[in-house]
Trainee: 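I'd like to ask some things about the structure below.
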Amino acid sequence: MIKHCKEELPLEACGLLSGNNKRCETLWKTKNIKQSKHSFEISQKEIDKVFGLIKEKGQKLTGIYHSHPTAAPYPSKEDILSVLYPEAAYIIISFEYNRPRIRTFRIINKKVFPINIKLYE
């Protein structure tokens, strides 16, 4: 995720994560069709394609990640209002201070709940 987000700077990067048992096992890089420094959007066509691949792997959507090139790793108002998958973990990678910082949230009914994650190599 961090590598993908660095490659897309100064624009926001985005992608999906899938797996089983609340584990993010597969990373799916996606294109930010907004090509923006302050927001992201994944095309419905690409979402449908990735969801098909996730299903083929016998996995489920477990997370959605995106970067904040110049802002803190906390969901923006737009992030909160545009949530379509409340069951997914929302991972934000911030480059506000050059070194990446990562925070993860659940966003349910427009309320933000920080969650802890474990990283495995």
Side-chain angles (χ1 to χ4, degrees):
M1 285 184 304
I2 293 170
K3 182 180 181 210
H4 176 216
C5 292
K6 278 185 180 179
E7 290 169 352
E8 296 298 322
L9 288 172
L11 303 176
E12 281 199 12
C14 51
L16 304 175
L17 301 162
S18 64
N20 290 299
N21 302 317
K22 298 184 181 181
R23 291 181 69 134
C24 297
E25 300 166 350
T26 307
L27 180 141
W28 307 90
K29 293 181 185 178
T30 59
K31 179 179 175 70
N32 178 356
I33 62 172
K34 285 189 172 181
Q35 292 292 286
S36 170
K37 297 177 182 182
H38 307 291
S39 63
F40 78 97
E41 182 179 347
I42 305 168
S43 75
Q44 190 59 53
K45 183 178 179 181
E46 188 169 19
I47 290 170
D48 293 344
K49 178 183 174 189
V50 172
F51 276 23
L53 295 169
I54 289 170
K55 187 175 181 179
E56 282 178 19
K57 287 180 75 82
Q59 297 180 342
K60 296 180 180 172
L61 177 70
T62 52
I64 299 169
Y65 72 90
H66 75 280
S67 61
H68 283 181
T70 59
Y74 192 83
S76 67
K77 285 182 185 178
E78 185 175 349
D79 293 337
I80 294 165
L81 293 174
S82 64
V83 167
L84 297 176
Y85 306 98
E87 71 280 6
Y90 282 78
I91 302 165
I92 301 174
I93 299 102
S94 168
F95 294 92
E96 180 181 28
Y97 299 111
N98 293 325
R99 185 175 181 191
R101 291 187 305 148
I102 302 171
R103 292 196 62 201
T104 306
F105 306 89
R106 287 257 190 248
I107 305 173
I108 303 168
N109 296 324
K110 298 181 180 36
K111 293 186 176 124
V112 177
F113 303 94
I115 60 173
N116 292 320
I117 59 170
K118 293 180 184 177
L119 299 177
Y120 301 95
E121 291 193 35

Trainee: Would the distance check show the side chain of T30 and the main-chain N or O of I42 forming a donor-acceptor pair, the cut-off being under 3.5 Å?
Mentor: no
Trainee: Measuring from atom CG of L16 to atom OG1 of T62, what distance do you get when rounded to the nearest 0.5 angstrom?
Mentor: 9.5 Å
Trainee: Would you mind reporting whether I91 and M1 have side-chain heavy atoms less than 4.5 Å apart?
Mentor: yes
Trainee: When you group the ILVMFWY residues by side-chain heavy-atom contacts below 4.5 Å and let the links chain together, are V50 and L84 in the same group?
Mentor: yes
Trainee: With sequence neighbours left out, write down each residue that passes ring-ring contact (aromatic ring centres under 6.0 Å, His included) with F105, or none if nothing qualifies.
Mentor: Y74
Trainee: Before you tell me yes or no, could you show the steps for K45 and I33 under side-chain contact (heavy atoms from CB on, under 4.5 Å), namely the whole-Å CA-CA distance, both residues' side-chain angles and the distance that decides it to 0.1 Å?
Mentor: CA-CA 11 Å; K45 183 178 179 181; I33 62 172; over 6 Å; no
Trainee: Heavy-atom distance under 4.5 Å between the side chains of V112 and D79, does that happen here?
Mentor: no
Trainee: What salt bridge (Lys or Arg N to Asp or Glu O under 4.0 Å) pairs are there with at least one residue in residues 80-92, not counting sequence neighbours?
Mentor: none
Trainee: Name all residues meeting the side chain to side chain donor-acceptor pair (under 3.5 Å) criterion together with T26; count only those two or more places apart in sequence or in a different chain, and write none if there are none.
Mentor: Q59
Trainee: May I ask whether L17 and I93 are part of the same hydrophobic cluster, defined by side-chain heavy atoms of I, L, V, M, F, W, Y residues being less than 4.5 angstrom apart, directly or through others?
Mentor: yes
Trainee: Using the salt bridge (Lys or Arg N to Asp or Glu O under 4.0 Å) criterion, which residues pair with K55? Sequence neighbours excluded.
Mentor: none
Trainee: Kindly write out the residues that satisfy side chain to side chain donor-acceptor pair (under 3.5 Å) with E46, not counting sequence neighbours, or none if the list is empty.
Mentor: none
Trainee: Just jot down the side chain to side chain donor-acceptor pair (under 3.5 Å) partners of N21, sequence neighbours excluded, or say none.
Mentor: none
Trainee: Verify the neighbour count for atom NZ of K29: are there more than 12 heavy atoms of other residues, nucleotides or ligands below 6.0 Å?
Mentor: yes
Trainee: Would E25 and N20 count as a side-chain contact (heavy atoms from CB on, under 4.5 Å) here? Give the steps.
Mentor: CA-CA 8 Å; E25 300 166 350; N20 290 299; 4.2 Å; yes
Trainee: Could you work out, with side chain to side chain donor-acceptor pair (under 3.5 Å) as the rule, every residue matching S82, not counting sequence neighbours?
Mentor: none
Trainee: Please report the closest heavy-atom contact between G63 and C24, naming both atoms and the distance.
Mentor: N-SG, 4.4 Å
Trainee: Show me the pairs that pass salt bridge (Lys or Arg N to Asp or Glu O under 4.0 Å) and involve residues 60-78, at least two apart or across chains.
Mentor: K34-E78
Trainee: Report whether I64 and V83 are members of the same hydrophobic cluster (ILVMFWY, side-chain heavy atoms less than 4.5 Å apart, transitive linking).
Mentor: yes
Trainee: Would I47 end up clustered with I54 when hydrophobic side chains under 4.5 Å apart are linked, directly or stepwise?
Mentor: yes
Trainee: Quick check: are there more than 12 heavy atoms from other residues, nucleotides or ligands sitting under 6.0 Å from CZ of F113?
Mentor: yes
Trainee: Measure across P100 and I2 and return the closest heavy-atom pair with its distance rounded to 0.1 Å.
Mentor: CG-CG2, 3.8 Å
Trainee: Can you list every ring pair (Phe, Tyr, Trp, His ring centres under 6.0 Å) pair that touches residues 14-53, not counting sequence neighbours?
Mentor: F40-H66, F51-Y85
Trainee: Under a 4.5 Å side-chain heavy-atom rule over Ile, Leu, Val, Met, Phe, Trp and Tyr, are L61 and L53 clustered together?
Mentor: yes
Trainee: Can I get a per-line list of side-chain donor-acceptor pairs under 3.5 Å for residues 3-14, giving both atom names and the distance, sequence neighbours left out?
Mentor:
| residue | atom | partner | partner atom | Å |
| --- | --- | --- | --- | --- |
| H4 | ND1 | Y65 | OH | 2.6 |
| E12 | OE2 | S39 | N | 3.4 |

Trainee: Does E56 have any salt bridge (Lys or Arg N to Asp or Glu O under 4.0 Å) partners at least two apart in sequence or in another chain, and if so, which?
Mentor: none
Trainee: With side chain to side chain donor-acceptor pair (under 3.5 Å) as the rule and sequence neighbours excluded, what pairs involving residues 98-113 come up?
Mentor: E96-R101
